[in-house]
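To start, the structure under review is shown below, and the notes come after it.
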Amino acid sequence: MKTLQTATLLAVTLTTGLMAGLFAAFTYSVMPGLARSSDRTMIETMQNINKAIVNPFFMLLFMGSIPLLALAALLAWRGHGRPALPWIIAALALYLIAFCVTSGVNVPLNDKLAKVGDPRHIKDMAAVRSEFENAWVTWNAVRALLHTAAFGCLAWALVVHGAHRFHEADEAGPAHETSGPALAGPYHRPSARQLTAPPGAAQQWTPPTGRRTTS
């Protein structure tokens, strides 16, 4: 159970981080670059990107992170990862909000841009661009921040989860403690517990020599 919990938390941290990086890259790289391009270049490029990005790899990461987050929360709640549970729940909430932004704002804008057709046949490309670009850039920045915040929560959940497991292992100690004269060989050094006698009793210990003497 602990191994599954760790593996699930690690997997969803990676997928969420990839989504955060994708949308952040649009914010600080792709869209600023397209902002310097002509109307036709910008519209045509975004139309092509919106077609290309709907592929199995993107959908697996984007959609698959949600059930992975739910599974990570369930395992933390039922298993030994309760200290990390609040951070996982926070990440799930942030991811769901970002998902709603994408499906409720960015995707409809993409569909609307696709419906205008070939940029060569658009009469007023400046109006089409203005109606799409400003809103899309703004809401993409919002979902990039939400995904990044979710990734940060999961990264901290991994830290908390690892610290908790380390603490559990430290408290458990050795699987069993061996003591007593049965295991005391000629070179066995007794522990402090063996040297400590009850109150009022004399403390005496003679180290074995490992040799038999004859008189």
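Computed over heavy atoms, backbone and side chain alike; hydrogens, waters and symmetry mates excluded. Given the structure is predicted, the values throughout are model-derived calculations rather than measurements. Starting from 1, each residue takes its place in the sequence as its number.
A distance-only check finds a donor-acceptor pair linking the side chain of Q47 to the backbone of L113 [under 3.5 Å]. Distance alone, capped at 3.5 Å, is enough to place a donor-acceptor pair between the R82 side chain and the W77 backbone. Side chain of S103 to main chain of F99: a donor-acceptor pair is present (N/O by atom type, distance under 3.5 Å, no hydrogens or angles).
At a threshold of 4.5 Å between non-hydrogen side-chain atoms, the residues F26 and W136 count as touching. Under the 4.5 Å side-chain criterion, counting only non-hydrogen atoms from C-beta, M42 is in contact with M31. The closest side-chain heavy-atom distance from L34 to S37 is below 4.5 Å. At a threshold of 4.5 Å between non-hydrogen side-chain atoms, the residues L22 and I53 count as touching. The side-chain heavy atoms of V54 and N50, taken from C-beta on, include no pair separated by under 4.5 Å.
For T41 and S38, the side-chain atoms include at least one donor-acceptor pair closer than 3.5 Å. Using modelled atom types and a 3.5 Å distance limit, the side chains of H147 and T16 yield no donor-acceptor pair.
Here the options are T15, V12, L96, the test is side-chain contact (heavy atoms from CB on, under 4.5 Å), and the partner is I66; only L96 passes.
Here CG of L146 is found 10.0 Å from SG of C100. Values are rounded to the nearest 0.5 Å. A distance of 10.0 Å separates OG1 of T45 from CD1 of I43, quoted to the nearest 0.5 Å. Interatomic distance, L61 CG to M19 CE, rounded to the nearest 0.5 Å: 4.5 Å. Taking CG from L158 and SG from C153, the interatomic distance works out to 12.0 Å, rounded to the nearest 0.5 Å. Between atom CG of residue L74 and atom CD of residue Q5 there is a gap of 10.0 Å, rounded to the nearest 0.5 Å. Taking CD1 of I89 as the reference point, atom CG of L94 lies at 12.0 Å (rounded to 0.5 Å).
Criterion: ILVMFWY side-chain heavy atoms under 4.5 Å apart, direct or through other members. Under it, L109 and M46 are part of a common hydrophobic cluster. Both F62 and V105 belong to a single network of hydrophobic side chains, linked directly or stepwise wherever heavy atoms of I, L, V, M, F, W or Y lie under 4.5 Å apart. Hydrophobic cluster membership differs between V142 and L145, with clusters built from Ile, Leu, Val, Met, Phe, Trp and Tyr side chains linked at under 4.5 angstrom. Residue Y95 is grouped with residue M59 when hydrophobic side chains (ILVMFWY) are merged at heavy-atom distances under 4.5 angstrom, including chains of intermediate members. The hydrophobic clustering, which links ILVMFWY residues whose side-chain heavy atoms are closer than 4.5 Å, places M63 and L68 together.
A144 and T27 get closest at one heavy-atom pair: CB-OG1, 3.9 Å. Contact between L85 and A73 at its shortest, heavy atoms only, is CD1-O, 3.4 Å. Nearest heavy atoms, I88 versus A72: CD1-O, 3.9 Å. Of all the heavy atoms in A91 and L154, the pair that sits closest is CB-CG, 3.6 Å. Across G117 and I122, no two heavy atoms sit closer than the pair O-CD1, 4.3 Å.
By the side chain to side chain contact (heavy atoms under 4.5 Å, CB included) test, L60 pairs with no residue at all, sequence neighbours left out.
Within the structure, the salt bridge (Lys or Arg N to Asp or Glu O under 4.0 Å) test picks out the following pairs touching residues 113-122 (sequence neighbours left out): D118-R120. For residues 129-154, the set of pairs meeting the salt bridge (Lys or Arg N to Asp or Glu O under 4.0 Å) definition, not counting sequence neighbours, comprises D39-R129, K112-E131, R129-E133.
Ring pair F23/F58 is perpendicular by interplanar angle, where above 60° counts as perpendicular and below 30° as parallel.
A centroid separation of 6.0 Å or more is found between the aromatic rings of F151 and W156.
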